[in-house]
Structures are given as C-alpha cells and as structure tokens.
Amino acid sequence: MLYLSISVLIVIISIYAFKINRISSPFSKGVILAFFFSIMAVVCLAQNYIVSLIPGASDGIAVSNQIARWIIG
C-alpha cells in the first residue's frame with residue numbers, strides 16, 4: 001500500500017511539474033512514468049516469488065526485497 005501511495009504521489013507531482021515547465025505532452029510522460037513504476041513492482045514481486053520457491057533460501061514466507069515489503073505491507 002505504501003508503494004502505491006508513493007508512486008501515485010510521484011506521478012501526480014511529476015505531471016504538475018511537467019505542466020508548470022511547459023514540457024510537451026505532460027500526461028503522456030506521466031503515464032510512461034506510471035508504467036515504469038508498475039514494471040518495477042512486477043519485477044520485484046516476481047523476484048520475491050522466485051526466492052520463496054527455493055527451499056533452502058527461506059521457509060516460504062520471507063519477503064526478499066524492500067519494494068516487495070512496501071507492496072505486501
């Protein structure tokens with residue numbers, strides 16, 4: 001939940017900053033930024049899932065990285 005809140009806040013502030021600085025297509029650049037945040041979330045959750053499948057690494061309930069911890073809670 002923390003990751004979602006921070007990501008949405010960063011995207012909104014970035015779109016506002018793009019509009020203030022008169023950068024062309026501020027909303028498109030904001031959508032691209034949101035896309036990269038979602039790709040980063042998917043990669044971190046996939047890495048967390050893969051690590052939890054390895055029997056020797058953990059008991060299956062560990063969170064392996066900080067971003068996955070922010071998403072899972």
Side-chain angles (χ1 to χ4, degrees):
M1 198 64 176
L2 180 64
Y3 182 79
L4 176 66
S5 303
I6 291 172
S7 298
V8 168
L9 187 65
I10 289 173
V11 168
I12 290 172
I13 290 171
S14 298
I15 290 173
Y16 182 71
F18 293 154
K19 285 181 74 172
I20 294 275
N21 293 323
R22 299 174 194 239
I23 295 175
S24 64
S25 307
F27 295 111
S28 297
K29 290 180 175 54
V31 168
I32 290 171
L33 185 62
F35 176 75
F36 285 125
F37 276 125
S38 69
I39 293 296
M40 186 169 59
V42 167
V43 167
C44 289
L45 288 175
Q47 188 262 342
N48 186 55
Y49 176 72
I50 296 298
V51 168
S52 69
L53 289 177
I54 301 170
S58 65
D59 58 355
I61 56 172
V63 178
S64 61
N65 60 42
Q66 188 64 33
I67 295 177
R69 182 164 300 160
W70 290 343
I71 295 169
I72 294 170

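Residue numbers run from 1 in the order of the sequence given.
Apart from I23 itself, the hydrophobic cluster it occupies contains F18, where clustering links Ile, Leu, Val, Met, Phe, Trp and Tyr at side-chain heavy-atom distances under 4.5 Å.
Looking only at side-chain heavy atoms (C-beta outward), F27 and V31 stay at 4.5 Å or farther from each other.
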Next item on the list: Take L33 and F37, measure what side-chain contact (heavy atoms from CB on, under 4.5 Å) needs, and give me the verdict at the end.
Entry: CA-CA 6 Å; L33 185 62; F37 276 125; 3.8 Å; yes
Under 3.5 Å, which donor-acceptor pairs link side chains of residues 4-13 to any protein atom two or more places apart or in another chain?
from	atom 1	to	atom 2	distance (Å)
S5	OG	M1	O	3.0
S7	OG	Y3	O	2.8

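By the criterion of side-chain heavy atoms lying less than 4.5 angstrom apart, applied directly or through intervening Ile, Leu, Val, Met, Phe, Trp or Tyr residues, M40 is grouped together with L45 in one hydrophobic cluster.
Residues meeting the side-chain contact (heavy atoms from CB on, under 4.5 Å) test with F36, sequence neighbours left out: I32.
For the side chain to side chain donor-acceptor pair (under 3.5 Å) condition, no pair includes a residue of residues 14-35, sequence neighbours left out. The side chain to side chain donor-acceptor pair (under 3.5 Å) analysis of residues 32-47, with sequence neighbours excluded, yields the pairs Q47-S64, Q47-N65.
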